[in-house]
Every structure is written in structure tokens, then in C-alpha cells.
Amino acid sequence: MPMIPAVRGTRDILPGEIERWQFVEDVARRLFERYGYAEVRTPIIEREELFAKGTGDTTDIVQKEMYTFTDKGGERITLRPEATPSLVRAFVEHSLEQQMAVPKLYCLGPMFRYERPQKGRYRQFHQLDVEVFGVHDAWIDAEIIDLAWSLVSELGIQGSELLLNSVGCPVCRPAFTAALVAALGEDVKRLCGDCQRRAATNPLRIFDCKVPADQAIIDRLPHTIDYLCAACTAHFDQVKRHLELYGISYRISHRLVRGLDYYTRTTFEILIGSLGAQNALLGGGRYNGLVKALGGPDRTGIGFAAGIERLVLALPEDASIAIARPDVFVAAIGDAARLEAVRLVKQLRSAGFKAQLDDEGRSIRSQMKTADRLKAPLAAILGDNELTKNEVTMRDMASGEQTSIGRADVGEYVRLAMPRVKPPLEAAPRGQ
RNA sequence: GUGAGUGUAGCUCAGUGGUUAGAGCGCCGGACUGUGGCUCCGGAAGUCGGGGGUUCGAAUCCCCUCACUCACCCCA
């Protein structure tokens, strides 16, 4: 039988790597909750129109990257390409501003985009998503950015950079796009095909262009922050002042306009050089019109999405991440001892220890070898000698020292041995 | 959707027209019959990504195809 491989752009995360994921997720959860954010889980499938309206018809995500199908009831269903519209929907659908004192939400899980896979990019990928609704004040922009920056630094990721910009609002943007088109003038014909299209549909996104020949022209274009209205200018100044309060350094990037339609005012990204072409660890911004556009009250929103794959890739090699290993390996010699070993393993597990037994009743040599490979710090050895004396031989696998102890004292012995055999640094993924 | 590179054992790879396709690591067993790590010995394991073609003969050359990787586009 030929094997059936995983779908393109999807992958299995196996033991050995999963610990790094659990570490990232655990650090993120604890950090978000320290900041007062509550977890929400939304469905992975949504109506197509949620993203058509929420993410935006003109975006690449909606135009060519969505997994959409018609279900048996004739409904157009989409596998979510991002989480923000779902969280906005949940916020609106459940009137969360009435339910929650402060609508600060986070969620994590898989997203789907039909793209060609490459380093740090998959068709099923995973994001950590954080959103706050209904706060106008610029201090929340800074808090969200501080949260994002803290996530990266608490994971021990080195060499990242914060990019910041403001893309204005419906008041000032028309004047800016007019100025942009005017400044382009005849040069528009010298830009690449994509940019010529953008000039007509969404001129802001010309700043996304990376075609070398276009760069000289783009560098001469006006900047959004020079065309902000008074309110947007004041807001942006506040954001910068608060960031200085937090001691977070940033670089203003005039070209950070971002691909999604809904952004207003603040946009930001955290980049890292070590990931190759897909260098954005996370990105986000403010979206003041989105909640209303999705049928809710006129409330502001701000948030960011971080790519878990990319965070995991950016994790330092020497991150102290505990690998799963038993506390005790129980080795048995002979059938009678094996029966007793089963009892002992069950007893240790019930007492909260990670205990394992050889699954196939092989030679003692093989069992000790397995204990070694599992990196068990302790081995409990049971044979006829031990059975007749009602004892267990405890072996310290690091030193090779062995002691005979009474059968009834094994639990206590393991409990006392644990602190001294456990490694000093244990990041303790989850579910201890 | 476009371009380039790579597909040989579980993993990393050697083998570029000539016997039954190899190595290292890993795995299983033994030397060591109740004890892991070191050493030595033995063993299992491959439709050489798939299909077609050239040839007396193909892992090797040609064509097609699939997958993976990286990059473009765009994004997390």
C-alpha cells in the first residue's frame, strides 16, 4: 500500500518539536492573562462573507488565498485565513461589551491560506491573536505594542525590531491618496504591473512593493504621517510618548501600510532577520471602522497576530525547554517480578510520578538501555531476589549507585530523590 | 500563479552507463546467562519519489509527472 502523505503546506508537529510549541503557547497564555486578556475560542469555519467584508474584498487573502467550499446545505463556508473578523463577530454576536468589564480578548489556533509554502509559511499555520475593543485612547495602542514586544522578549528571541507607522483615518486618507497619486504623476507608467493596478484600486499599497526598479520612485513619494489630520497626529504622538514611557524603541517606517483593508491610524510589525524572506514575527494595528462594518456598534478595535511557526523558528537554540521523560523506569526480571512491576508502576503513577515499564518483557540489559534512552533519572529493579525480601533495588542512573529499600517505601524514596535529580532549569511546558 | 534547486535505508548522505546499491548515525541481538553509557561482533531494514523512453545494460542519460525546499507575489 502506498502511503498517503500530508496535504501540501500542512505538517505534523512531532515530539521533539512540540515541546517548543507548548513553551511558546504557555509563555503567551501566561503573559496575556497577566495583562488581563481572556481566551476566546471561535470556530475554524465561518461564512465566506465574514472575511469578504471583514478582511476586505481587495486583499490578496480574499481574492486568491481562501479555502472556501459550499456545504451540503448550500452555505458558502470558509476556513478562517485570520482570526480578527471572527473575534469581531463573536464580540458583536454575544454583545461582549455588555458581558465583560473590559473586552480584552486573545485566541490561538490554526489559520488557512492557499499559498505556495516556503520557510515560515504554510497553508495551515497557527497564530496567537490579541484584540481590544472600544478603547479610543492611544495608551491602549502602546499597551498592545508593549504586550507584543514582551511576548517576543519573554520567549528569549533576539535581534527583532519594532516598526511603527500611522496610516490615518477616513478623514485624512483621501487627501493623502490624492497627494500620492499626484506625486506619482507620469511615473505611474514606469511602475510594475502590480503597482499600476494598486494605483487605481488601493494606492497606499504601492508602499508594499519590493520590485527593485520601483524603489527609486517610491522613495520620492509623500509619507502618510505628513498628511495626518489633527486628531490622528495627536493620537500618533501619544502612542510614541507612551512607548517611550515603556522604554520600547521603534523605527518609524513610512512603508508600513499593511495588506489588510481595515487598518486606521496605528500600524506596527515586529521583524526578525533570521527567518529568511518571511521576516514578520507579528503584525497588527488599529481598525476603527471594522466592528461597525460587521454589523456591530461603532466601536474601535486594535490588536495583533503573531505567527506561532515563526516564533518557534526564532526561538534561541539553547532555550531551556524541558523534554518529556519519566521520573522512574521500572525494570523487571522474570514473570513473577513483572507482575509486581505492573503494580509498582501503577502505584507510582497514581502518586503523581511519571513511571514507565518495558512494554515487551525483554532482557534486563535491554530494559536498562531503554531506561537510559528515556533519560529516566531513576530505575527501580525488581527480580526474584527483591521479591523474596519484599524489596526494590533503586538505581541512580547518573551515578550508578544502588540501594535496596523496602517495597512499601518506594513512593517516599522517589519523592525524596526527585528534587536532587531534576535539572535546575525546567521550563515546564504544561499539564504537570 | 511564476522561477530555481533537491528527491537513494528511520535520519544525514556517498554512489554520474557495467555483478546481489553503500557508509555513518539510529534500531534489534550478542560478547556481558540480574544492570544503561564505552568497545567489539552480528542482524533487520531500500519498488534508488512515480511513469514512460534510450541502451545489451539505467540510481546514473532524455521526457513527463508528483513531492519537498528556497525565492517571487503577499503575509503571520
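Side-chain atoms are counted along with the backbone in the values below, which use heavy atoms only and exclude waters and symmetry mates. Order of the sequence lines fixes the chain letters, A, B, ..., with proteins taken first and strands second; residue numbering starts at 1 for each chain. Treat the numbers as computed from the prediction; the structure is a model and nothing was measured.
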query = From B:C75, B:U35, B:C73, pick the nucleotide closest to the side chain of A:Arg121?
reply = B:C73
inquiry  = Quick check for you: to the nearest 0.5 Å, what is the distance between A:Leu151 atom CG and A:Ile157 atom CD1?
reply    = 7.0 Å
ask   = Using atom P of each nucleotide, how far apart are B:A45 and B:A23 to the nearest Å?
value = 14 Å
Whole-Å P distance, B:U6 and B:G43 = 35 Å
task = Give the ring-plane orientation class for A:Phe304 versus A:Phe268, where under 30° counts as parallel, over 60° as perpendicular and anything between as tilted.
result = perpendicular
Base B:C75 to side chain A:Arg310, donor-acceptor N/O within 3.5 Å cut-off = yes
key: Same-atom distance (C1') from B:C64 to B:A76, integer angstrom   = 36 Å
query = In whole Å, what is the span from the CD atom of A:Glu131 to the P atom of B:A76?
reply = 11 Å
query = Is any side-chain nitrogen or oxygen of A:Arg362 closer than 4.0 Å to OP1 or OP2 of B:C28?
reply = yes
query = Is any side-chain nitrogen or oxygen of A:Arg8 closer than 4.0 Å to OP1 or OP2 of B:C68?
reply = yes
ask   = When you check the gap from the basic side-chain N to the acidic O, do A:Arg415 and A:Glu412 get nearer than 4.0 Å?
value = yes
inquiry  = What's A:Ala305 touching, base or sugar-phosphate or nothing? Going by heavy atoms closer than 4.0 Å.
reply    = sugar-phosphate
key: NZ/NE/NH1/NH2 to OD/OE distance under 4.0 Å, A:Glu46 and A:Arg76   = no
request  = For A:Ile364, report the nucleic acid contact type (base, sugar-phosphate, nothing); a contact means any heavy atom under 4.0 Å.
outcome  = sugar-phosphate
query = What is the distance from CD of A:Gln127 to P of B:C75, rounded to the nearest Å?
reply = 13 Å
task = Indicate, with a heavy-atom threshold strictly under 4.0 Å, whether A:Gly383 touches base, sugar-phosphate, or nothing.
result = base
query = When you compare B:G53 with B:G57, how far apart are their P atoms, in angstrom units rounded to a whole number?
reply = 12 Å
ask   = Between A:Gln118 and B:A71, is there a side-chain N or O to OP1/OP2 distance below 4.0 Å?
value = yes
request  = Output the residues of residues 270-281 of chain A in contact with RNA chain B, where contact means a heavy atom of the residue under 4.0 Å from an atom of the strand; sort by number or write none.
outcome  = A:Gly276, A:Ala277, A:Gln278, A:Asn279, A:Ala280, A:Leu281
query = How is A:Ala314 classified with respect to the nucleic acid when contacts are heavy atoms under 4.0 Å: base, sugar-phosphate, or nothing?
reply = nothing
inquiry  = For B:G34, does the base pair up with any side-chain atom of A:Asp384 as donor and acceptor (N or O, under 3.5 Å, distance only)?
reply    = no
inquiry  = I'd like the C1' distance from B:G1 over to B:A44, given in whole Å.
reply    = 46 Å
inquiry  = Under 4.0 Å, heavy atoms only, any strand: does A:Glu115 hit a base, just the sugar-phosphate, or nothing?
reply    = base
ask   = Can we say A:Lys53 and A:Glu48 salt-bridge, meaning some charged N sits less than 4.0 Å from an Asp/Glu carboxylate O?
value = no
query = Using a cut-off of 4.0 Å on non-hydrogen atoms, how would the nucleic acid contact of A:Glu269 be classed: base, sugar-phosphate, or nothing?
reply = nothing
inquiry  = Nearest 0.5 angstrom please: A:Phe353 CZ to A:Leu378 CG, how far?
reply    = 9.5 Å
ask   = What is the pairing partner of B:U55, taking Watson-Crick or G-U wobble pairs with both distances under 3.5 Å in any strand?
value = none
ask   = Donor-acceptor pair under 3.5 Å: do we get one between A:Glu65's side chain and the base of B:G1?
value = no
inquiry  = From OH of A:Tyr122 over to P of B:U69, roughly how many Å is that when rounded to an integer?
reply    = 7 Å
task = Would you check if the side chain of A:Ser166 reaches a backbone N or O of A:Ile225 as a donor-acceptor pair within less than 3.5 Å?
result = no
ask   = Using the P atom in both, what is the distance from B:G26 to B:U69, to the nearest Å?
value = 27 Å
query = With both distances under 3.5 Å as the test, what is the Watson-Crick or G-U wobble partner of B:A67?
reply = B:U6
remark   = From CZ of A:Arg116 across to C1' of B:G5 the rounded distance in Å is 13 Å
query = Side chain of A:Met368: nearest nucleotide among B:U35, B:G1, B:C75?
reply = B:U35
request  = Using the C1' atoms only, state how far B:A59 lies from B:U20, rounded to an integer number of Å.
outcome  = 15 Å
inquiry  = Under 4.0 Å, heavy atoms only, any strand: does A:Ser366 hit a base, just the sugar-phosphate, or nothing?
reply    = sugar-phosphate
task = Answer yes or no: does a side-chain N or O of A:Arg373 lie under 4.0 Å from OP1 or OP2 of B:C28?
result = yes
ask   = How is A:Tyr114 classified with respect to the nucleic acid when contacts are heavy atoms under 4.0 Å: base, sugar-phosphate, or nothing?
value = nothing
ask   = A:Leu387 has an atom CG; how far is it from atom C1' of B:G34, in whole Å?
value = 13 Å
ask   = Would you find a donor on one side and an acceptor on the other, under 3.5 Å apart, between the side chain of A:Arg310 and the backbone of A:Gly120?
value = yes
key: Nucleotide forming a Watson-Crick or wobble pair with B:G1, both distances under 3.5 Å   = B:C72
ask   = Counting distance only, does the side-chain N/O of A:Thr177 pair as donor-acceptor with the main-chain N or O of A:Arg173 below 3.5 Å?
value = yes
key: Side-chain-base donor-acceptor pair under 3.5 Å for A:Gln367 and B:U35   = no
ask   = Tell me, do A:Asp146 and A:Ile248 make a side-chain contact under 4.5 Å, heavy atoms counted?
value = yes
request  = Provide the distance between the two C1' atoms, one in B:C41 and one in B:U16, to the nearest whole Å.
outcome  = 35 Å
ask   = Under a 3.5 Å cut-off for both distances, is B:G24 Watson-Crick or wobble paired, and to whom?
value = B:C11
request  = Go through residues 154-168 of chain A and report each residue with a non-hydrogen atom lying under 4.0 Å from RNA chain B, sorted by number.
outcome  = none
remark   = When rounded to the nearest 0.5 Å, the distance separating CZ of A:Arg123 from CZ of A:Phe112 is 12.5 Å
inquiry  = By the definition salt bridge (charged side-chain N to carboxylate O under 4.0 Å, His left out), identify the one residue from A:Glu143, A:Glu39, A:Glu33 that meets it with A:Lys104.
reply    = A:Glu143
query = Under 4.0 Å between a side-chain N or O of A:Arg205 and OP1 or OP2 of B:C75?
reply = yes
inquiry  = Quick check: on RNA chain B, is the nucleotide nearest A:Leu382 upstream (toward 5') of the one nearest A:Ser363, or the reverse? Name the residue that is more 5'.
reply    = A:Ser363
inquiry  = So A:Leu282, base contact, sugar-phosphate only, or nothing? Heavy-atom distance under 4.0 Å.
reply    = sugar-phosphate
ask   = What's the closest nucleotide to the A:Asn385 side chain, out of B:G34, B:C75, B:C70?
value = B:G34
message = Does the structure show a Watson-Crick or G-U wobble partner for B:U19, both distances under 3.5 Å? Name it, or say none.
response = none
ask   = Would you say the ring centroid of A:Tyr37 lies under 6.0 angstrom from that of A:Tyr106?
value = no
request  = If B:G29 has a Watson-Crick or G-U wobble mate with both distances under 3.5 Å, name it; if not, just say none.
outcome  = B:C41
key: Side chain of A:Arg395 (C-beta onward), nearest among B:G37, B:U69, B:C75   = B:G37
query = Within this structure, what is the CH2-to-P distance between A:Trp21 and B:A76, rounded to whole angstrom?
reply = 16 Å
ask   = With the threshold set at 4.0 Å, does a side-chain nitrogen-carboxylate oxygen contact exist between A:Glu340 and A:Arg407?
value = yes
ask   = What nucleotide, of B:A76, B:G36, B:G29, holds the atom closest to the side chain of A:Asp372?
value = B:G36
ask   = When we call it a touch if two heavy atoms are under 4.0 Å apart, what does A:Gln124 touch: a base, just sugar-phosphate, or nothing?
value = nothing
